[in-house]
Structure formats: C-alpha cells, structure tokens
Amino acid sequence: MSVTKEKLLHEVVAGLRKKYNGKDLTEFLVRLGAQFGDIYQRFFRLYGEREDFSSQFNQLILALAEMYLSRDEALKELDRQREEDKNWIMSQNWVQTMLYVDRFSKNLKGFMKKIDYLEDIGINYIHLMPLLKMPQEANDGGYAVSDYRAVDKKFGSMADIRNIAKIFRQKGMLLELDLVLNHTSNEHEWAKKALQGDKACQDMYYMYDDRSIPDAFEQTLPEIFPENAPGNFTYLSEINKWVFTVFNTYQWDLNYTNPKVFTEMMKILLNLANQGVDVLRLDAVAFMWKKLGTQSQNLEEAHLLLQLLKACTKVAAPGVVFKAEAIVQPLEIVKYLGGGVVDECEIAYNASYMVYLWDAMATQNKRILENGLENIPRLPKGTTWINYIRCHDDIGLGYADQDIWGAGYNPFEHKQFIISYYVGEYEGSPSKGQRFMYNPKTRDARITGATATLLGLETALENNNQQAIDAAIRKILLMHSGIMSFGGIPLVYYGDEIACTNDYSYLSDPSKADDNRWLNRPVIDWKKAALRETEGTLEHRVFTNLKRMIQIRKSLPEFYNENNYQLVKNSNPHVFTFLRQREWHKTLVVMNVSGQQQSIDAQVLEQSGLGHFIYDVFTERDVLLTNNQVTLEPYQFLWLKQK
Ligand code: GLC
C-alpha cells in the first residue's frame, strides 16, 4: 500500500494528539515539521516496500514523542542552546580522553573522585568505554551488550551515569558513551528468546537454516578477526541455524532490514541521550547493512540508517552529537560526516592522520604524512575530526597504496617495514609493539601496544638508558603536539598523560589472553600517576608538558576545530610544517620527526606571512634565525607566532 507523505503526516499528527492528549508537544512538532521530509524519505527508501510501512512509521514517530516527553528539562534547555549555537563542538576548548572505568578507577563511584585529575590536565570531554551490561567472560571489552538500559553491576548503575552527566554539565564537560549498533551480545534478551524459538526475536538478527546464503556471503566478505573468530557466521545448535557474526561468535549482527530493529535501537539511543549523554560513539557503523555480493561495508543503506538516526535525534534530543566509529579509507570516512549535503554524524576519527604520524615516527621523514594528507578531503562545515595517536584498538595500516606509491615507496615492502619497526624486529628499533591479526598468507598485520612502548620508552627503561628515555619522551610530546594543533578535537588516550607502557596483565585472564589489544588498556597505577607531581620524573615531564599544550591550545583561536590547516612545503624531508589561521591569528606548526638536529629555511616564515621576528608560543622563547634558518633539536616541535 502506498501512502503519500502528506497523508502520513496527518495520520502521524492525529496519532500523536490522541496518544499524548494534554501534553505540550509544541516544540516537538516544530522540530518534527522541520525533519519530517528527511525522516520520511529515508524510512521509505529503507522500508517503503513493506505492507506495514505506515504502521511502522507511525510507531517510530510515537516513540520519538515518548522519548522527547521523558527528557529532563535541563537537557531540553541544553538542546535549545545547542540548536542556537550549531558550531559549539568546533571550539578549540574541547580536549578529549577515553578510558575504561574499571581499569581507571574501579567503578563509577571511584570515577567521580578522579574527575579532578582529568580537569587538572585540562581534559573536558570524556569517553567512558563500554559499561552497559555485558557477558561476564568474553565480551570484547564491552562491545557485546546484553542490556542497553542497564549499567553492568561491576561499574555501578544508570543513576551513577546520570549523576556524572549532571556533574559534567555543571563543570562544562562532555560525556560520551558507546552505542553498539551493529550487534548485540548472545546474552541479550532478543538473542536468548531467539534461541528458544521466538520467531519475532529471530527476525531481529540475520538467521539462516543452512549454509547456502552464508556461503554466498563469504565469497565477498572480509574477516575482521581472522585469528580468533574466522568467518562471518556462527552455528546455533539449539535451533539449527546460522547467525551473522561479523566480529566474535558471541556478537550477533542486528538485522536492520527489519524496521523494528531500527525503532528499538532508536529508542535505546534516545534513552541513553536522556541520561544526559552529550556524545554517542556509534560503534562499527560501516557494517550496519549487509548485501550479497559486496563486502557489506560502507553501503549506501548504512548511511541512510545513520541519517535517519540523526534526523530523529534532531526531533527528540537535538543537543546530542554523533561520533562515527568508521575506521575506513579517508574517502569513505568523510561520507559519515554527511558530505556537507545531509546531516549524519558530526565527528569522526582521523584514522589516516594517526597512521601517517606513526609512519613519520618510524621512517623519520614526512613523505607519506605530507603526501597522504593531500589526498584526504576536507570536512564539511560544522563537522570535525577526533585527532588521536592511540585508542583502545589496534593500529591498522589502512593507508591507500596510492599514498605510499606517491611518496616513492613500494606499498607491500613499506607496510612490512612499518610492522617490523613497531614490533621491534627491525634493526635498531626501540619499539616493543605486537602484531595483531597476523595473516600468514599476506604477511599483513595490524599493530598493538602503548604509545610510550611503541615510541621506545619501555626498552629505554629496561636498559636504564637515560638518553633513550629522553628521546622517547620527546617523541611522545611531539606526536601530541601534532594532534593538539591540527584542527579537530585532540584525544589524549588515558595513561598516555603519564607515559604508561604496555600492560601485560591481560595474559593471566583467559577471557582476554587471546586479544593483545589489552596491552594498551592499562590498569592505572595511581602511585605512578602521583609521580606527575614530582619534578624530574618522566611522569611529571609528560603530564606537565601535555597540560601546558592543552592550556595553550585552548587560548589560541586559530586552533579552532575546523579542518582548515594549510600545508606549508619546506625542502627538509624530516620537518613537517603546517599553518593554522583564523582571522588575523596565526600559528605555524613545525615538527621535526627525526632524531637529528634539523633546520628549515626562513622562507617558510615568509610564505606563512610571519616575518623574521618570531617566538615559540609553547616555550615562550624567541626563536632566532641562524644563517636564515630555523633550527630544531631532535624530535622538537615549535608553535611559531609573530612577535
Ligand atoms: C569497534 C571497537 C572494537 C570492537 C568492535 C566490535 O571497532 O572499537 O573495540 O572490537 O567495534 O564491536
């Protein structure tokens, strides 16, 4: 049955009036009016063929109204402010961290006592890693959710989350939580009922009676965890069916071709929003739609789903921002930011810049960094990057072959070099990272390990080599200077502020031992953290310098989160330079990625319109030219401004 948009709108409004008679829906209806076309169009593209299309559509809108009505007045007020100031996330004031509550502070109550530690360094945007109810054994670090409406007991309760959100609002801080949209755990209510034969719950997932469709899919699907979860389907002996599991066997992929899945997940999203969460990190979004004969990643329908989630959120909780977790090729990542034409997510991980920075630290030159950046499209207005060095996952060397050819290397050999450098096999490398998901056929691998360890600190400490310790600290600071200044929100991964090295404790936990991403998910040793206050310790050096970087970043209008950096070419292959400018404010960022002293020609200053009387705003020291050259110490960075 086809129904026109206008007729549906009338039906929807009548339905709302009937169900919510006497409730004030004025603001909701204004927003619904503005978004109706987008919501309708996308829902129709996804589900328009279905007999029950209009009833499904009506249910969605009723759900939005219900969630709007149950939203706190304080959050509604914030919604209005953010609707007024659409660019609020673009401020250079935001500095993020992400952390595992249990490994940082045992639980949420403990976390509340540690907020001042984060505030001290200047962090005001916090991603608490998955803490919703999860299986007690293997749970992929919480990325397998058993109940989206309950916090896992080991962390605390939803009331704690509301409390933290409230404290954050008073302090002007932001709270981010994950929303794992692509899959639930096999202990989720729907999964459990599906196993008992409940047809409606089986329809929430992709289930097959035999291998014919799974086999057809496998022809084109890649494997995400080939070592410990090969293939993309898991056999369920209880019901003699195969279920789609792109990640681990206990992570069942949700079937978004069923509109009920969409509406349920929409309600779950808004329920989290209504706890006071500011940013939702939408996990593994690239995988949300499956299609035979494709890789089932980055499909157009996955974008439609996200656009639909966004348009609905703009009606019921417009102050909430989406961060897309799409660690894919640059051209694909940018599409998750709506391409400037439609609204989708506002924030995405700048995975390419991250990998290029690691590349530069291994090669000690900027060739790929500079060349690769030129191939990344600029972001649509009002959207921004998370610029980061490390996160809880592996480092995938996802750069395009063309970036590597363009820099004059052979892609295969170059990636092999980077891997062997970071796992410490390459002669002279001080790194002690590890391979992740090694594929013996292609020799491809991703890399795991803590920032400090990858940069040589662990080896330097083992050898008690002061010079090497010093070099590692300089590298840690240099890389952070690159994310603080680039344009986007910098993310300081928890533990990096006190230079935590690899944490090997996961090896004694059988539910974690097969996943070496845990190397970089440290259990914080607060005695070590306390050393940040003792001058002369490495913790003090890293913490105070990062704190200073953050302070300065916040004070410089040109470090606004817009993706408007200008690459400034200089002829020294070891020195990376780019300019940040906003109105008359200007900073030239200069990074020496090599272990040797380097210099660049003062021409670079002229090109950037800085003149010859300059100072480094980070050290507050004048920078004197020698022979018309700016000289940099090994791994030094400068934030140059005109005097
Ligand atoms: C994301 C998470 C990762 C997890 C995966 C599956 O990529 O960052 O840790 O394994 O999703 O949920």
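Order of listing sets the numbers, starting from 1, for every ligand and every atom in it. Small disclaimer: the values here were computed from a predicted structure and weren't measured.
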Item to check | Partners passing side-chain contact (heavy atoms from CB on, under 4.5 Å) against Glu218 (at least two apart in sequence or in another chain) | outcome: Arg211, Leu221, Asn232, Phe233
Checklist entry - Sequence neighbours excluded, which residues qualify as ring-ring contact (aromatic ring centres under 6.0 Å, His included) partners of Tyr100? => result Trp518
Item to check | Under 3.5 Å side-chain donor-acceptor pair for Gln297 and Glu332 | outcome: no
Next on the checklist: Taking ring pair (Phe, Tyr, Trp, His ring centres under 6.0 Å) as the cut-off, I'd like each qualifying pair that reaches into residues 127-148, sequence neighbours left out, listed once.
Outcome noted: Tyr143-His392, Tyr148-His188
Next on the checklist: Quick one about His183 and Asn248 (side-chain donor to acceptor, distance below 3.5 Å, no hydrogens or angles considered), yes or no?
Outcome noted: no
Enumerate, one pair per line, all nitrogen or oxygen atoms of ligand 1 lying under 3.5 Å from a protein nitrogen or oxygen, stating the separation to 0.1 Å; write 'none' if no such pair exists.
residue: ligand 1; atom: 7 (O); partner: Glu325; partner atom: OE1; Å: 3.2
residue: ligand 1; atom: 7 (O); partner: Glu325; partner atom: OE2; Å: 2.9
residue: ligand 1; atom: 8 (O); partner: Arg281; partner atom: NH2; Å: 2.9
residue: ligand 1; atom: 8 (O); partner: His392; partner atom: NE2; Å: 2.8
residue: ligand 1; atom: 8 (O); partner: Asp393; partner atom: OD2; Å: 2.5
residue: ligand 1; atom: 9 (O); partner: His392; partner atom: NE2; Å: 3.0
residue: ligand 1; atom: 9 (O); partner: Asp393; partner atom: OD1; Å: 2.8
residue: ligand 1; atom: 9 (O); partner: Asp393; partner atom: OD2; Å: 3.4
residue: ligand 1; atom: 9 (O); partner: Arg517; partner atom: NH1; Å: 3.3
residue: ligand 1; atom: 10 (O); partner: Asp140; partner atom: OD1; Å: 3.1
residue: ligand 1; atom: 10 (O); partner: Asp140; partner atom: OD2; Å: 2.6
residue: ligand 1; atom: 10 (O); partner: Arg517; partner atom: NH1; Å: 3.1
residue: ligand 1; atom: 11 (O); partner: Asp283; partner atom: OD1; Å: 2.9
residue: ligand 1; atom: 11 (O); partner: Asp283; partner atom: OD2; Å: 3.1
residue: ligand 1; atom: 12 (O); partner: His183; partner atom: NE2; Å: 3.0
residue: ligand 1; atom: 12 (O); partner: Asp283; partner atom: OD2; Å: 2.9

Next on the checklist: Looking only at the side chains, is there a donor atom on one of Ser185 and Ser146 sitting less than 3.5 Å from an acceptor on the other?
Outcome noted: yes
